[in-house]
Each structure stands twice: as C-alpha cells, then as structure tokens.
Amino acid sequence: MGWEDPIRMQLYALTSTQLAGETLDLFLTQEAAEAELREILEDEPDWKDVLRVVPIELDGRNLSAN
C-alpha cells in the first residue's frame, strides 16, 4: 500500500542546544511552544541562548503499526 498523498502534521519542539538530539517537550501549536519558552525564560533568563522552538513536520510514512 503506497502513500500517494501522505497526511502531514506539524508539531513544535522545545529543544536545547546543550542536549543534541533530545526534545524537551512537544506542542501542537507554535504559540503554545513559545508561551512555554517565555515562561521558562522568566525563571531562567540565562537560558535565552540555550532553549529554542523548532518546527517538526510528521507524515504518514513514519507511522508505526503498533
């Protein structure tokens, strides 16, 4: 069964430049991810250059049968 037009979904990851390859949290909207980042930076302003929001695009080809 092939995917002629795969379903695509965009998520937003909160990531750290110090933890390569690791995602701290996932969000359904960019606004929610950026709000979380702002909240964290209020408590930890020194992390400004460490944390970031990164868009992630998922599609149906990567779905597991489980």
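Along the sequence shown, the residues carry numbers beginning at 1. Only a predicted model underlies this, so the values are computations on that prediction, with no experimental measurement involved.
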Subject >> Shared hydrophobic cluster, M9 / V53 (ILVMFWY, side-chain heavy atoms < 4.5 Å) >> reply: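 In one cluster with M9: V53, no.
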
Subject >> Chi angles and distances behind the side-chain contact (heavy atoms from CB on, under 4.5 Å) call for T23, V54 >> reply: CA-CA 9 Å; T23 295; V54 177; over 6 Å; no

Original post:
How far apart are the closest heavy atoms of L41 and K48, and which atoms are they?
Top reply: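 Smallest heavy-atom distance, with atoms named: CD2-N, 3.6 Å.
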
**OP:** Work out which heavy atom in I40 is nearest to a heavy atom in W47; give both atom names and the distance.
**Re:**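 Taking I40 first and W47 second, the nearest heavy atoms are CG2-CE3, 3.8 Å.
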
[X] [atom1] to [Y] [atom2] distance, which is reported to the nearest 0.5 Å:
X: R38; Y: E31; atom1: CZ; atom2: CD; answer: 9.0 Å
X: L26; Y: E36; atom1: CG; atom2: CD; answer: 12.0 Å
X: R52; Y: L24; atom1: CZ; atom2: CG; answer: 10.5 Å
X: T29; Y: Y12; atom1: OG1; atom2: OH; answer: 8.0 Å
X: I56; Y: T15; atom1: CD1; atom2: OG1; answer: 8.0 Å

Original post:
So, do L51 and T17 sit near enough that their side-chain heavy atoms are less than 4.5 Å apart?
Top reply: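 With C-beta onward as the side chain, the pair stays apart.
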
Original post:
Would you say the side chain of L28 lies within less than 4.5 Å of the side chain of L11, judging by non-hydrogen atoms?
Top reply: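 When only atoms from C-beta onward are counted, L28 and L11 do touch, with a gap below 4.5 Å.
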
